[in-house]
Amino acid sequence: MARKPNHRLLLLSLLLLCQAPVCSSGPLPLILNTWPFRNAAVAAWRTLASGGSALDAVESGCAACEQEQCDGTVGFGGSPDESGETTLDAMIMDGTTMNVGAVGDLRRIKNAIGVARKVLEHTTHTLLAGESATKFAESMGFINEDLSTNASCALHSDWLAWNCQPNYWRNVIPDASKYCGPYKPPSILKRDGSTYKETGDSYGHDTIGMVVIHKMGNIAAGTSTNGIKFKIPGRIGDSPIPGSGAYADDTAGAAAATGDGDILMRFLPSYQAVEYMRRGEDPTTACRKVISRIQKYFPNFFGAVVCANVTGSYAHPSFKAFQDQPVPLLIGEASAGEDTQPSDQSSSLGYENIKITVAMTAYV
């Protein structure tokens, strides 16, 4: 999921809803998601409040973001690929059974997280992709419909007018830094020695990654995204890859990632963070170790991992920010009986009050 940074938000905000006033180590349940997608967390909380499972909450939270087209980087109508088509990636994982369902390069189906849930429940597979994933979705009752909007078509037209800049090609002819394709490899391929190509513009990647810990200790995690803008058709990022986009294990905790998916999937950061927590590391240390490992190889890496352990303790995000500016951390606290101003959504959540506060994250 890609966008240019702005003054409102550079990389990552955390939205948390938890039952205790102090979320970092309070009692369960806990809902944690990347970016300030408040309505996604509220939808997940409502699901828990109505008796739903952690898996149900992850699905409803990510689905809310898909419907709202969160930041244009989740759901339909955003991030067109080189051909102008919007495609979706999503994944959902049950930390009790270790079962996973995921879809990549899903076309013409709006509810990607819902299709991923069907993969989990009705197949013995983990990941379905492309047109075959669409056919599976149709067999499960999902509607085949165009995911393009006027906004996504305009983005694609502007990109073509700018000679297809930025793009994700290298070592091809014509020169991908100046011209549109089609591209082909030169007769003698000269490797430039680099392992990562900057696109010229700085883009964030606003996947929604969600972690839910049920009051009974069951853990689930999930992701949903429409990928990076102007990607090469067929590209699948880290979001639907178990252990990369997200990972959950009732015996250790859960993590979710956001950022440059082509880099993230090479390191399986969510899995690694959970394994660090299994060994006794606190969530903040686990997140920082994961990001530090990536930055060893890619100093300009742009992304973050969020972590929560089985007690409900969670990590501040770890990241490489643009221009070394701090990133806001959005925390929502749902509590019963406190003498605070009621929120407009408190009654539907089964709590009298919800407080939203903003903190600033620390750098790695």
Side-chain angles (χ1 to χ4, degrees), residues 1-17 31-44 58-81 84-91 106 110-113 147-156 158-159 166 199 201-211 221-231 235 237-240 245-246 256-262 264 302-306 317 319-322 325-332 356 358 361:
M1 300 50 50
R3 66 173 185 183
K4 291 185 177 180
N6 56 41
H7 297 296
R8 180 178 63 84
L9 182 66
L10 295 176
L11 175 61
L12 178 72
S13 289
L14 233 52
L15 181 56
L16 292 134
L17 290 174
I31 296 170
L32 165 68
N33 65 261
T34 56
W35 299 97
F37 302 147
R38 187 181 193 280
N39 289 339
V42 168
V58 168
E59 182 182 1
S60 62
C62 290
C65 236
E66 291 174 348
Q67 293 164 5
E68 291 186 5
Q69 304 167 275
C70 287
D71 270 354
T73 59
V74 181
F76 69 99
S79 302
D81 64 17
E85 184 177 13
T86 294
T87 60
L88 308 179
D89 299 340
M91 185 266 284
L106 179 68
K110 286 185 176 180
N111 184 200
I113 191 69
L147 301 187
S148 297
T149 62
N150 290 338
S152 66
C153 291
L155 277 173
H156 184 248
D158 290 345
W159 179 74
T199 63
D201 286 317
S202 298
Y203 278 82
H205 301 67
D206 305 359
T207 306
I208 180 170
M210 179 171 281
V211 169
T223 64
S224 186
T225 180
N226 54 32
I228 52 176
K229 292 184 181 73
F230 319 125
K231 57 185 174 285
R235 181 261 189 188
D238 69 305
S239 296
T258 184
D260 187 330
D262 292 297
L264 284 166
F302 182 75
V305 179
V306 295
F319 56 88
K320 173 73 174 179
F322 283 108
Q325 298 184 41
V327 177
L329 177 71
L330 186 61
I331 301 173
I356 300 294
V358 178
T361 59

Give the minimum heavy-atom separation between R235 and G227, together with the two atoms involved. NH1-CA, 4.1 Å
Output yes when a side-chain donor or acceptor of Q69 lies under 3.5 Å from a complementary backbone atom of F76, and no otherwise. yes
Please list, chain by chain and in numerical order, all residues satisfying side chain to side chain contact (heavy atoms under 4.5 Å, CB included) with E85, sequence neighbours excluded. D81, S83, T87, R107, R108
Results of side chain to side chain contact (heavy atoms under 4.5 Å, CB included) for L155 - residues two or more places apart only: P80, K229
Between the CE atom in M91 and the OG1 atom in T223, the distance rounded to the nearest 0.5 Å is 5.0 Å
Please check: side-chain N/O of S224 versus main-chain N/O of C65, any donor-acceptor pairing under 3.5 Å? no
Taking the side chain from D260 and the backbone from D262, do they hold a donor-acceptor pair closer than 3.5 Å? yes
Side chain proximity check, V211 to N33, heavy atoms < 4.5 angstrom: no
side-chain hydrogen bond (donor to acceptor under 3.5 Å, both in side chains) partners of Q67, counting only residues at least two apart: none
Rounded at 0.5 Å granularity, tell me how far OG1 in T258 sits from CD1 in I208. 10.0 Å
Kindly say whether P166 contributes a backbone atom to a donor-acceptor pair with the side chain of W159 at under 3.5 angstrom? yes
Spacing of L264 atom CG and D238 atom CG [to the nearest 0.5 Å]: 4.5 Å
Regarding S239 and D89, do their side chains bring together a donor and an acceptor under 3.5 Å, going by distance alone? no
Measure the spacing between CD of E66 and CD of E59 and express it to the nearest 0.5 Å. 9.0 Å
Any donor and acceptor pair, going by atom type alone, linking the side chain of N226 with main-chain N or O of G72 inside 3.5 Å? yes
Side-chain heavy atoms of E68 within contact of N39, under 4.5 Å: yes
Residue list, side-chain hydrogen bond (donor to acceptor under 3.5 Å, both in side chains) with T86, at least two apart or on another chain: none
I want to check something: taking the side chain as every heavy atom from C-beta on, are L147 and K110 in contact at a cut-off of under 4.5 Å? yes
Side chain to side chain contact (heavy atoms under 4.5 Å, CB included) between T207 and V74, worked out: CA-CA 7 Å; T207 306; V74 181; over 6 Å; no
Gap separating the NE2 atom of H156 from the OG atom of S148, nearest 0.5 angstrom: 9.5 Å
If you take all heavy atoms of I113 and A63, which pair is closest and at what distance? CG2-N, 3.7 Å
Might you confirm whether atom CG of D158 has over 12 heavy atoms from other residues, nucleotides or ligands at distances under 6.0 Å? yes
Smallest separation among heavy atoms of A246 and A221, with atom names: CB-CB, 3.9 Å
Answer yes or no: is there a side-chain heavy-atom contact under 4.5 Å between I31 and V58? no
Distance check, rounded to the nearest 0.5 Å: C70 atom SG versus R38 atom CZ? 13.0 Å
Is there a donor-acceptor pair under 3.5 Å between the side chain of S152 and the backbone N or O of G78? no
